[in-house]
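Here is the structure we will look at, set down as structure tokens.
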Amino acid sequence: EKFAINAVKSLKRMVSDVRTFVNKVIPDMKMTIRKYLNVKFEYLSYCLKVKELDDEEYTFLALREPLYRVETGNYEYRLVLRCRQNSRARFAKMRNDVMVKLELLNNKHVQDMIKQLQVLVISLSQYYKDSFETLKEAKIFPIELD
């Protein structure tokens, strides 16, 4: 019985480490990816807005009609370009951060799982070894087994 209690204690530590990974690390990674996706959406929105403004300008040029926005200094277009540039920088930074974090998470996952499986194997083998030694000494069965 005491061998089983020792095995369960070592398994509790292993389960605790796996729970920490599942309950803390993975939700943090999901939150980081959500932030990345929001920044990506913002960047792509600015790209679309720039494309719409360019198309509008080309349409008015093709019709040879004046575009009020262009005649007044094209401030809106310049503002959207600046916002797109800032958004692109944030997007590139977040993409880099997410890639690094995913790589670290993958490495940690591999190392932790190897460690946890080793703990499992060691504790079970120790339990079986101790149980076998205890039962080998006891003469419970009068029958010899091959």
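Heads up: numbering here begins at 1 and tracks the sequence. Note that this is a predicted model, so its numbers are computed, not measured.
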_As a quick check of understanding, evaluate side chain to side chain contact (heavy atoms under 4.5 Å, CB included) for Lys49 and Glu76, giving each step before the final call._
CA-CA 10 Å; Lys49 183 66 176 172; Glu76 180 185 1; 3.8 Å; yes

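- Between Asp97 and Lys101 there is no salt bridge, since no side-chain N of the basic residue sits under 4.0 Å from a carboxylate O of the acidic one.
- By the criterion of side-chain heavy atoms lying less than 4.5 angstrom apart, applied directly or through intervening Ile, Leu, Val, Met, Phe, Trp or Tyr residues, Val25 is not grouped with Val15; the two fall into different hydrophobic clusters.
- Taking OH from Tyr127 and CD1 from Ile5, the interatomic distance works out to 10.5 Å, rounded to the nearest 0.5 Å.
- Around CE of Met113, the count of heavy atoms belonging to other residues, nucleotides or ligands within 6.0 Å exceeds 12.
- Closest approach of Tyr77 and Asp54 over heavy atoms only: OH-OD1, 2.8 Å.
- Atom NE2 in His109 sits 9.5 Å away from atom CD1 in Ile114 (nearest 0.5 Å).
- Side-chain contact annotation: Asp112 with Gln116, donor-acceptor N/O pair under 3.5 Å absent.
- Rounded to the nearest 0.5 Å, atoms OG1 (Thr32) and CG (Leu102) are 9.0 Å apart.
- Note on Lys51 versus Asp55: salt bridge recorded, some NZ/NE/NH1/NH2 to OD/OE distance being below 4.0 Å.
- Phe21 is listed as a side-chain neighbour of Leu105, based on a closest heavy-atom distance under 4.5 Å.
- When side chains are defined from C-beta on, Val119 does not count as touching Arg13, because their heavy atoms never get closer than 4.5 Å.
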*Can you list the steps and then say if Leu124 with Leu120 is a side chain to side chain contact (heavy atoms under 4.5 Å, CB included)?*
CA-CA 6 Å; Leu124 288 178; Leu120 175 67; 3.8 Å; yes

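- Following chains of ILVMFWY side-chain contacts shorter than 4.5 Å, one cannot reach Tyr58 starting from Leu81, and the two form parts of different hydrophobic clusters.
- Note on Leu104: it does not cluster hydrophobically with Val18, by side-chain heavy-atom contacts below 4.5 Å among ILVMFWY residues.
- Among all heavy-atom pairs drawn from Val98 and Met29, the shortest one is O-CE, 4.0 Å.
- Rounded to the nearest 0.5 Å, atoms SG (Cys47) and CZ (Arg88) are 6.5 Å apart.
- Counting heavy atoms from C-beta outward, Lys35 and Met31 have side chains that approach closer than 4.5 Å.
- Of the inter-residue distances, the one linking Ile33 atom CD1 with Asn38 atom CG reads 12.0 Å to the nearest 0.5 angstrom.
- Of all the heavy atoms in Arg90 and Val39, the pair that sits closest is C-CG1, 3.7 Å.
- Looking only at distances, no side-chain donor or acceptor of Ser87 sits under 3.5 Å from a matching main-chain atom of Cys83.
- Remark: Glu52 CD is packed, more than 12 non-hydrogen atoms of other residues, nucleotides or ligands lying under 6.0 Å away.
- Here the side chain of Ser16 pairs no donor or acceptor atom with the backbone of Lys12 at under 3.5 angstrom.
- The shortest side-chain heavy-atom distance between Val22 and Arg19 does not fall under the 4.5 Å cut-off.
- Figure legend: cation-pi geometry between Arg95 and Phe91, with NZ or CZ positioned under 6.0 Å from the six-membered ring centre and within 45° of its axis.
- Residues Ser123 and Ala7 approach most closely at O-CB, 4.3 Å, considering heavy atoms.
- Here the straight-line distance linking atom CE of Met94 with atom CG of Leu37 works out to 8.5 Å at 0.5 Å rounding.
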